[in-house]
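Accompanying notes for the structure given below.
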Amino acid sequence: MLVSVKTCNYFFLYFAAEVTRRSSIKPNNSTRMTSNHSDCHYCLQSLRGRKYALREENAYCVRCYDSLFANPCEECKQPIECDSKDLAYKGRHWHERCFKCTKCSRSLVEKPFAAKDELLLCTECYSNEYSSKCFHCQKTIMPGSRKMEFKGSSWHESCFVCQYCQQPLGTKPLITKDNENYCVPCFEKQFAHHCYSCKKVITSGGVAYHDQPWHKECFVCAGCKTQLSGQRFVSKDEYPYCVDCFSKFYAKKCAACKKPITALGGAKFVSFEERQWHEECFNCARCSVSLVGQGFLTKQDMVLCHECGSL
């Protein structure tokens with residue numbers, strides 16, 4: 001903050017003969033007192049032998065100058081007289097003794113300060129009232145010090161460290177667990193799972209299959225290598241297969257519709273003498289009535305209900 005300091009320049013008026021005696025120089029026209037400066041411009045009293053001040057080339061006795069031109073102090077409301085320093089900030093004025101912190105009353109003369117709602121505060125009081133608090137130590141982050149921000153909270157740079165190794169995190173990559181921050185190497189060492197397929201660390205996401213962790217991109221069909229995360233799949237000999245590959249390589253075909261029987265979604269099927277049917281396909285070959293849960297007869301490759309089988 002910039003504060004202007006104004007002091008009044010005093011002048012003393014002597015008879016010309018006194019000036020001559022003091023300086024041993026005979027006065028000439030340039031040093032002789034003028035009529036404009038011999039009397040106070042306001043009260044017209046003689047200024048000879050008295051202090052006076054100039055304003056716009058007019059001389060005023062100290063009393064008149066103070067009553068006419070002195071600024072009122074913002075703190076004590078008294079005029080700031082000629083014999084006092086006038087400290088000004090944004091159009092407001094203070095005596096030197098009155099220019100102090102509103103909260104702790106310490107002098108702000110030639111010291112840094114801040115203004116809040118027209119109140120002057122030293123940097124310490126301003127920080128305690130309005131500056132951010134460190135998320136870790138809950139102490140004020142002083143103006144001018146480096147502040148780290150992460151997920152809406154603030155830290156001292158010295159407090160923003162890895163929870164495990166206590167090294168500063170700065171702007172390095174980090175991982176948060178249970179509201180604590182870790183550098184990547186420490187997090188991987190302490191908490192990370194390793195992918196069952198590639199053996200590398202899983203830092204986020206991942207899927208579980210047969211109680212083992214996998215990267216999403218590593219969890220693929222054993223046949224066509226298509227990613228299976230979020231897709232339907234079938235397990236065979238502890239390997240996952242997409243529906244198409246499982247149907248192609250392993251699924252039995254329905255004796256009626258010839259389509260694969262995958263049993264996905266809990267679908268049921270009927271098996272009889274090395275043949276299988278979808279439950280909805282296990283019907284009488286002549287009248288198409290469902291034979292599920294019913295007695296049936298076989299004739300060559302056909303399955304028939306009792307009625308059709310007796311014809």
Side-chain angles (χ1 to χ4, degrees), residues 1-14 34 36-47 49-150 152-160 170-171:
M1 297 290 185
L2 296 178
V3 178
S4 62
V5 180
K6 177 182 176 183
T7 56
C8 184
N9 292 321
Y10 283 128
F11 299 88
F12 292 87
L13 193 58
Y14 299 95
T34 66
N36 287 341
H37 292 174
S38 61
D39 300 325
C40 172
H41 184 71
Y42 186 74
C43 70
L44 302 180
Q45 292 185 14
S46 174
L47 296 176
R50 301 169 60 192
K51 292 180 180 180
Y52 71 93
L54 290 176
R55 184 180 177 91
E56 297 178 356
E57 298 185 359
N58 294 317
Y60 296 84
C61 66
V62 173
R63 184 174 62 181
C64 289
Y65 185 91
D66 287 341
S67 65
L68 292 172
F69 306 115
N71 294 305
C73 175
E74 191 75 21
E75 177 68 17
C76 70
K77 310 305 179 184
Q78 298 299 312
I80 303 173
E81 300 171 338
C82 268
D83 59 353
S84 301
K85 284 185 179 181
D86 183 337
L87 303 183
Y89 172 68
K90 290 189 175 181
R92 301 156 68 200
H93 300 264
W94 290 263
H95 289 105
E96 186 175 20
R97 65 179 180 276
C98 296
F99 194 63
K100 55 191 178 181
C101 174
T102 304
K103 189 170 181 65
C104 69
S105 298
R106 285 185 290 187
S107 174
L108 298 177
V109 177
E110 297 183 356
K111 295 179 180 178
F113 66 92
K116 181 70 173 178
D117 299 330
E118 298 189 353
L119 300 177
L120 301 184
L121 298 167
C122 64
T123 54
E124 183 176 349
C125 288
Y126 181 87
S127 299
N128 289 335
E129 289 290 325
Y130 303 109
S131 294
S132 301
K133 297 291 191 298
C134 176
F135 181 82
H136 176 73
C137 69
Q138 295 303 308
K139 295 181 180 179
T140 299
I141 301 175
M142 298 296 289
S145 61
R146 193 173 183 188
K147 178 174 69 173
M148 310 303 296
E149 294 185 339
F150 179 63
S153 298
S154 302
W155 281 262
H156 292 110
E157 185 178 23
S158 58
C159 292
F160 193 58
T171 57

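Across every non-hydrogen atom of Glu96 and Val109, the tightest pair is O-CG2, 3.6 Å. Taking all atoms of both residues into account, the shortest heavy-atom contact from Gly170 to Met148 is O-CE, 3.4 Å. Among all heavy-atom pairs drawn from Cys104 and Cys122, the shortest one is SG-SG, 3.7 Å.
In this structure, the side chains of Glu124 and Arg106 come closer than 4.5 Å at one or more pairs of heavy atoms. Side-chain atoms of Cys61 and Arg50, non-hydrogen and from C-beta on, do get closer than 4.5 Å to each other. Counting heavy atoms from C-beta outward, Phe150 and Phe135 have side chains that stay 4.5 Å or more apart. Counting heavy atoms from C-beta outward, Tyr42 and Leu68 have side chains that approach closer than 4.5 Å. Side-chain contact between Phe160 and His136: absent, with no pair of heavy atoms (C-beta onward) separated by less than 4.5 Å.
Here Phe113 and Phe99 bring their ring centres to under 6.0 angstrom of each other.
Between Cys82 atom SG and Asp66 atom CG the span is 4.5 Å, to the nearest 0.5 Å. To the nearest 0.5 angstrom, Leu120 atom CG is 12.0 Å from Cys125 atom SG. Taking SG from Cys159 and NZ from Lys139, the interatomic distance works out to 8.5 Å, rounded to the nearest 0.5 Å. Put simply, CG on Leu119 and NZ on Lys103 are 10.5 Å apart, with the number rounded to the nearest 0.5 Å. Atoms OH and OH, on Tyr65 and Tyr60 in that order, are 9.5 Å from each other to the nearest 0.5 Å. In this structure, NZ on Lys147 lies 10.5 Å from NE2 on His156, to the nearest 0.5 angstrom.
For Glu118 (side chain) and Ala115 (main-chain N/O), no donor-acceptor pair under 3.5 Å exists by modelled atom type. Between the side chain of Lys77 and the backbone N or O of Glu74, at least one donor-acceptor pair lies under 3.5 Å. Proximity of a side-chain donor or acceptor of His95 to a complementary backbone N or O of Pro79 within less than 3.5 Å is detected. No donor-acceptor pair under 3.5 Å is formed between the side chain of Ser154 and the backbone N or O of Glu149. A donor-acceptor pair is defined here as one N or O able to donate and one able to accept, closer than 3.5 Å; no such pair exists between the side chain of Arg92 and the backbone of Ala88.
For Glu110, the CD atom counts as loosely surrounded, since its 6.0 Å shell holds 12 or fewer non-hydrogen atoms of other residues, nucleotides or ligands.
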Run the numbers on Trp155 and Cys134 for side-chain contact (heavy atoms from CB on, under 4.5 Å), then give the verdict. CA-CA 4 Å; Trp155 281 262; Cys134 176; 4.2 Å; yes

Problem - CA sep, side-chain torsions, deciding dist, call: Ser38, Ser46, side-chain contact (heavy atoms from CB on, under 4.5 Å) - result: CA-CA 6 Å; Ser38 61; Ser46 174; over 6 Å; no

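No option in Leu87, Ile80, Asp86 other than Ile80 meets the side-chain contact (heavy atoms from CB on, under 4.5 Å) test with Cys73.
Cation-pi geometry between Arg55 and Phe69 is met: under 6.0 angstrom from the ring centre, within 45 degrees of the axis.
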